[in-house]
Asks: 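Here it is, the structure in full.
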Amino acid sequence: MTDRLSLTNALADANIERQKAERIATEIFDAIHENVATKTDVYRLGTRIDQVETALEARISAVESALGDRIGAVASALGDRISAVASALGDRISAVEGRLRAEMREFELRLEARIDRTVIRLGSLIVVLAGVILAAIRYLPHA
């Protein structure tokens with residue numbers, strides 16, 4: 001009420017008739033009455049904002065925690081799967097390596113056998129050729 005009276009007096013001091021000044025002040029206050037926030041409104045709004053902020057922070061923390069747990073679980077599961085795959089690959093590589101070593105040993109044995117046969121054949125050939133040469137020398141006419 002005091003604000004309305006102050007506005008009326010200000011309008012009356014501006015050379016507006018008192019009755020018209022009161023009417024203008026009343027209209028102004030009625031127009032802004034529903035559209036102006038009071039200190040209580042601002043305080044309530046600030047309190048509500050604080051409550052919403054606190055609730056949002058709590059929910060964000062819960063989501064972060066849940067995501068951290070989920071990421072940890074996924075990382076652990078991936079680590080287990082990677083270990084299993086590495087182990088399986090290691091076993092397969094060892095098996096292939098064993099087969100390759102066996103095949104290489106078998107190849108070496110066959111190669112050694114062939115070398116032995118070739119040496120024997122060459123030795124035999126040398127003996128035969130030596131015999132032929134010696135026989136040829138013996139039976140050649142002497143000049």
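Values below: all heavy atoms of this structure, side chains included; hydrogens, waters and symmetry mates excluded. One is the number of the first residue; the rest follow in order along the sequence.
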Asks: Verify the neighbour count for atom CD of Glu17: are there more than 12 heavy atoms of other residues, nucleotides or ligands below 6.0 Å?
Replies: no

Asks: What residues join Val63 in its hydrophobic cluster, counting side-chain heavy atom gaps under 4.5 Å, either direct or through other members?
Replies: Leu67

Asks: Arg23: what forms a side-chain contact (heavy atoms from CB on, under 4.5 Å) with it, not counting sequence neighbours?
Replies: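 So Arg23 forms a side-chain contact (heavy atoms from CB on, under 4.5 Å) with Glu27.
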
Asks: Taking transitive links into account, so neighbours of neighbours count too, which hydrophobic residues share a cluster with Leu109 at under 4.5 Å side-chain distance?
Replies: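 ILVMFWY cluster around Leu109 holds nothing else.
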
Asks: Step by step, work out the salt bridge (Lys or Arg N to Asp or Glu O under 4.0 Å) result for Glu22 and Arg18.
Replies: CA-CA 6 Å; Glu22 286 177 11; Arg18 183 82 183 167; 3.6 Å; yes

Asks: For Tyr139, what are the other residues in its hydrophobic cluster, where any two members join if their side-chain heavy atoms are less than 4.5 angstrom apart?
Replies: none

Asks: Provide the closest heavy-atom pair for Ala12 versus Ala21 in the form atom of the first, atom of the second, distance.
Replies: N-CB, 3.9 Å

Asks: Show me the donor-acceptor pairs, under 3.5 Å and distance only, between side chains in residues 110-134 and residues at least two apart or in other chains.
Replies:
| unit_1 | atom_1 | unit_2 | atom_2 | d |
| --- | --- | --- | --- | --- |
| Thr118 | OG1 | Arg114 | O | 2.8 |
| Ser124 | OG | Ile120 | O | 2.9 |

Asks: Could you pull out every donor-acceptor pair under 3.5 Å between side chains of residues 83-97 and any protein atom, sequence neighbours left out?
Replies:
| unit_1 | atom_1 | unit_2 | atom_2 | d |
| --- | --- | --- | --- | --- |
| Ser83 | OG | Gly79 | O | 3.0 |
| Ser94 | OG | Gly90 | O | 3.0 |
| Glu97 | OE2 | Arg101 | NH2 | 3.0 |

Asks: What residues form a side chain to side chain donor-acceptor pair (under 3.5 Å) with Glu64, not counting sequence neighbours?
Replies: none

Asks: For residues 42-57, which side-chain N or O atoms pair as donor and acceptor with protein atoms under 3.5 Å away, sequence neighbours left out?
Replies:
| unit_1 | atom_1 | unit_2 | atom_2 | d |
| --- | --- | --- | --- | --- |
| Thr47 | OG1 | Tyr43 | O | 2.9 |
| Arg48 | NH1 | Gln51 | OE1 | 3.4 |
| Thr54 | OG1 | Asp50 | O | 2.8 |

